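Every heavy atom of this structure was used, including side-chain atoms; hydrogens, water molecules and symmetry mates were not. The structure displayed is predicted, hence computed values, not measured ones. Naming convention: chains lettered A, B, ... in sequence-line order (proteins, then strands); numbering from 1 in each chain.
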Amino acid sequence: MAETFEHDVVVVGGGGAGLRAAIAVAERNPELSVALLSKVYPMRSHTVTAEGGAAGVIKSNDDLETHCYDTVSGADWLADQDAVEILVNDAPRQLIQLEHWGCPWSRERDGSVAVRSFGGMKNQRTWYAADKSGFHMLHTLFQTTLKYPTITRYDEHYAAKLLIEDGRCGGVAALDLRTGSMRAITANSVILATGGAGYVFAFTTNGAIKTGDGMALAYRAGVPLKDMEFVQYHPTGLPGTGILITEAARGEGGIMLNRHGRRYLQDYDLGQPLEVTDPRHPQNRMMELGPRDRLSQAFHYEREKGNTFKMEEFEDVDAVHLDIRHLGEKRIDERLPFVRELCRDYQGIDPVHEPIPVRPVVHYTMGGIDTDIDGRTALPGLYAAGECACVSVNGANRLGSNSLVEILVFGERAANTATEEAGELKRPNPDALRTQAKDEAKRIQQTLLNGANANGGVRPAHVRNKLRKVMEAGCGIFRDAGTIQTACDALAELSEQAARMTLDDHGGAYNTQLINALEITGMLEVASAMAHSAHARTESRGSHQRTDYPERDDAQFLKHTLAYRQEAAAPRIDWKDVTITRWPPGERTYGR
Amino acid sequence: MAGEKRITLEIFRYNPEDGGEPFFQSYEVEYLNHWVVLDAINWIKDEIDGTIAHRWTCRMGVCGSCGMMVNGEPKLSCHSLLRDYAPGPVRVEPLQHFPVEKDLMIDKSGFMERLAEVKPYIIRDDVNDTGNGEYLQTPAQIAAYHEHSMCINCMLCYAGCPVMSLEPAFLGPAALALGQRYNLDSRDKGQAERVDAMSGDEGLWGCTFVGECSVVCPKHVDPAGAIQKGKIAAAKQWYANFIKPKGAKK
Amino acid sequence: MNPPYTPPPAGPAWFLQRKNWLLFMIRELTSAVIALYLVFFLVFLARFGGGAWVFEEFLALLTHPLSMAGHALAFAAAVWHSVSWFNTSAQVMPIRIGTWRMPGVATIIITGYAPWLIISALVFWAALP
Ligand SMILES: Cc1cc2nc3c(=O)[nH]c(=O)nc-3n(C[C@H](O)[C@H](O)[C@H](O)COP(=O)(O)OP(=O)(O)OC[C@H]3O[C@@H](n4cnc5c(N)ncnc54)[C@H](O)[C@@H]3O)c2cc1C
Ligand code: FES
């Protein structure tokens with residue numbers, strides 16, 4: 001049995017992108033009924049953890065052109081420039097819209113919004129709500145959705161499969177966590193907004209829900225995943241837990257110090273440091289405000305030189321210091337209260353008095369479901385937005401604070417396209433869709449719930465832990481053909497193990513172990529796309545650094561990677577041109 | 001596991017499908033110095049007993065998923081260091097005052113409905129025109145509501161509030177604080193539309209000011225303060241209406 | 001599937017479950033003591049009008065150990081009630097100047113203890129011969 005629910009548009013994901021999309025459909029066409037599906041209650045979505053802020057040109061000393069250039073060069077020219085222009089042009093409107101909906105952006109004394117510096121940005125343009133920007137954005141968006149009667153929420157529903165009929169997407173099969181029953185949630189348009197996949201790495205700022213489900217859903221339906229080899233390491237995570245210390249800490253003037261107390265970034269072509277007492281400090285696009293890929297790579301070199309220190313309490317991992325003491329207690333409490341709270345509660349130090357130990361940590365997936373600038377995927381009826389999608393505006397390296405605005409701009413844009421096209425296509429036969437949902441339920445029952453592997457089976461958590469370590473080892477900040485190949489082989493082996501996963505829980509009600517197992521099968525798909533894409537790109541660009549191919553190679557690789565899933569085989573890798581409009585590829589310089 | 005110390009967790013178990021009564025199950029855990037209660041539960045689920053059901057997302061005290069009763073106190077389990085409970089045992093139960101769906105998972109639907117009831121969004125008459133830039137709001141105007149906007153919906157305050165068990169229809173601390181957050185926002189003009197839901201015996205006046213909600217709140221939202229301010233505002237409004245001649249309202 | 005498990009409803013002794021609930025209950029109960037004392041005070045005033053003889057008799061009653069104990073209890077209850085209310089003032093009526101919020105202790109002193117002391121001093125001063 002599979003209950004069927006009919007809607008016009010289904011939004012999968014209740015994070016910033018999904019909520020923005022749902023509101024956009026409701027506003028644009030109040031006749032359409034919207035299903036908003038999420039595996040966790042919307043306000044638990046990962047957007048809630050974002051700290052630093054969202055970029056949008058608003059001050060008179062800033063301009064759109066510079067934001068575009070910063071983004072394009074930050075992306076090491078792999079971003080599509082038409083998409084970047086859309087992002088940058090629409091950002092201010094989206095952020096003002098959020099302000100109108102109640103987001104408590106921090107303000108100047110005169111009541112206008114305040115902006116702060118961020119890595120790789122030439123001018124101050126990052127809007128912030130102290131250091132809980134994502135939290136406030138998400139709650140504002142969620143609370144605003146409560147205004148629209150046409151939005152029906154399906155909280156704690158896990159999308160397990162896309163329903164496809166007559167060559168187009170017509171809904172999703174979703175497990176209702178409460179009962180464990182499979183539901184067919186059908187619609188003319190389906191928008192995936194399921195977030196990133198950072199959790200496929202062992203050490204990450206991403207919580208356990210960022211398993212890349214939406215990427216796997218689309219991938220299995222034949223939609224290619226784009227630029228999956230580009231995974232962002234954020235330079236400043238807390239060593240034991242991977243909890244993020246926002247880039248805003250550096251935007252406000254925090255400095256990076258190695259074991260010897262040296263501001264080591266000056267040794268990596270990121271400019272010369274100014275004294276922290278100098279009123280011109282921190283300087284944009286320099287030193288601590290360089291882009292994340294370069295800072296994380298600098299850490300790696302420092303470690304090789306023996307300039308990092310070991311943290312005994314965390315299995316001797318290496319770390320450097322992020323020092324914000326000179327900002328003073330008042331400013332820290334005003335601008336970075338959450339950083340202080342996190343350091344005290346999870347690291348046992350007070351950043352007002354001590355420097356913060358940090359190390360690079362997996363943070364963001366630049367790659368994702370291949371979409372056009374209007375959010376369409378290769379599968380008619382299927383759209384994608386947010387971190388799960390790759391439009392692409394982030395190219396080989398995302399600039400901090402561009403993502404929170406990307407989810408708004410492209411969340412709305414995908415929704416607009418989905419709304420327009422929801423009426424154009426013929427609705428697929430609901431019986432066929434229901435049958436597919438029923439088959440999916442049967443498949444899950446047979447492979448995971450019947451206890452067939454009881455002997456000789458593998459605990460899902462073991463597959464997951466292994467997978468996360470494999471990715472860390474093989475596809476880290478620096479990779480080469482050897483490490484990547486090892487990862488590819490290990491992943492193939494893990495896929496076989498995953499087929500023998502054994503559950504303790506064979507019930508229906510809140511079987512969270514089953515959900516974990518389903519997520520793991522998706523994580524394996526996503527990880528494999530990442531590793532094979534990394535293997536195919538024999539150059540170094542942005543966050544993808546190959547020690548065996550250290551140079552950027554525009555002649556061959558000014559192209560997006562497309563990974564197509566193949567049954568029981570490695571993905572097929574294809575290429576797609578990057579859209580260049582106004583900013584021809586150039587040298588990526590910081591600090592000069 | 002490279003553990004250092006051992007501790008026993010006594011976890012509340014309830015499975016709606018096996019027809020049984022709830023009971024406590026003990027698990028022994030070797031833990032590291034920086035582990036929180038949530039880490040231990042995750043480890044148990046991963047390694048010993050996959051049937052345990054609990055919620056979590058962020059492990060950094062901001063998503064609000066992981067509220068539980070830890071040794072009888074409402075706590076974020078990702079924010080409660082295990083070592084603080086040594087030598088144990090640690091008793092872990094679902095948040096009180098809620099129906100329990102399974103193990104540590106409570107039924108949140110009632111809470112979600114309450115949130116919607118207070119109309120937690122900006123209400124204004126004018127057209128929502130983004131072309132004219134932002135609505136100005138000074139830091140002082142933000143300060144008027146800011147603490148009440150910090151709620152992560154973890155529902156610890158509902159577990160701390162005795163009115164919730166005596167008067168189950170009570171809107172409760174978080175929902176009332178949220179309504180009040182919008183009432184105090186200089187951009188909002190919707191106070192009149194929230195009055196019906198927020199005042200009355202199941203709203204503001206249901207609160208007897210025990211104050212425990214503000215004590216257990218991990219984010220200093222101070223719902224008790226918000227509610228008392230709401231009562232004062234509602235009382236002022238009532239007198240104003242009383243004094244004004246009939247028909248002159250608005 | 002069974003319905004969700006609903007914990008048993010709170011009994012009449014619900015306030016014993018948590019320390020702050022108990023403190024709350026004590027605060028509420030002190031108002032009963034204060035109410036009783038006010039009744040006594042009304043009786044006292046009525047008697048006072050009854051002339052010196054009646055008053056003498058009443059005074060004797062007042063100095064009875066039981067009455068002394070009752071007064072001590074009423075005084076303790078009144079102090080407890082006042083203090084527990086004063087302590088809430090920082091929450092109910094926070095004092096703000098711009099973005100600056102007066103620390104709780106200061107608010108409590110300004111809105112509670114200071115006026116209390118001043119009024120008490122005035123009463124003393126007026127009552128002194
Ligand atoms: C710690 C941290 C700090 C950050 N700080 C910043 C910052 O300061 N500035 C910035 O620009 N960016 C920041 N980022 C990045 C940014 O927050 C994210 O890229 C962005 O929030 C992603 O939003 P989203 O809506 O795409 O996904 P998410 O918010 O992750 O939401 C995904 C949604 O999809 C749902 N979902 C997933 N799979 C399924 C499924 N199978 N079935 C049903 N539902 C599903 C989830 O339940 C969730 O509701 C930060 C990220 C992290 C981790
Ligand atoms: S897991 Fe997010 S608050 Fe505890």
Which bit of [X] comes within less than 4.5 Å of chain C, counting heavy atoms only: side chain, backbone, both or neither?
X       : result
P139(B) : both
E93(B)  : neither
V216(B) : side chain
Q96(B)  : side chain
T138(B) : neither

Answer with side chain, backbone, both or neither: which region of Y5(C) has an atom nearer than 4.5 Å to a non-hydrogen atom of chain B?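 Both backbone and side chain of Y5(C) come within 4.5 Å of chain B.
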Can you confirm whether more than 12 heavy atoms, excluding those of [X], are under 6.0 Å from its [atom1] atom?
X       : atom1 : result
K75(B)  : NZ    : no
W125(C) : CH2   : no
F124(C) : CZ    : no
K19(C)  : NZ    : no
F24(B)  : CZ    : yes

Of all of [options], which one pairs up most often with chain C through heavy atoms under 4.5 Å apart?
options                           : answer
I106(B), L166(B), D107(B)         : L166(B)
E73(B), K102(B), Q141(B), M105(B) : E73(B)
P162(B), G225(B), A140(B), P99(B) : P162(B)
E21(B), K231(B), E147(B), H146(B) : E147(B)
G160(B), P94(B), G230(B)          : G160(B)

Which heavy-atom pair separates R18(C) from G72(B) by the least distance, and what is that distance?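 The pair with the smallest heavy-atom distance is NH1-O, 3.1 Å.
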Is there a side-chain contact between F209(B) and E28(C) (heavy atoms, below 4.5 Å)?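 Side chain of F209(B) against side chain of E28(C), heavy atoms only: no contact under 4.5 Å found.
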Flag the one option from I97(C), L23(C), T6(C), N20(C) with the top tally of heavy-atom pairs under 4.5 Å to chain B.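 If we count pairs closer than 4.5 Å to chain B, N20(C) comes out on top.
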Return the [atom1] to [atom2] distance between [X] and [Y], rounded to the nearest 0.5 Å.
X      : Y       : atom1 : atom2 : value
R27(C) : T208(B) : CZ    : OG1   : 7.5 Å
N2(C)  : D18(B)  : CG    : CG    : 8.0 Å
Q17(C) : S165(B) : CD    : OG    : 7.0 Å

Distance-only, no hydrogens or angles: does the W21(C) side chain make a donor-acceptor pair with backbone N or O of C161(B) under 3.5 Å?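 It does not hold such a pair.
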Would the distance check show the side chain of R96(C) and the main-chain N or O of A143(B) forming a donor-acceptor pair, the cut-off being under 3.5 Å?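 Between the backbone of A143(B) and the side chain of R96(C) there is a qualifying donor-acceptor contact (under 3.5 Å).
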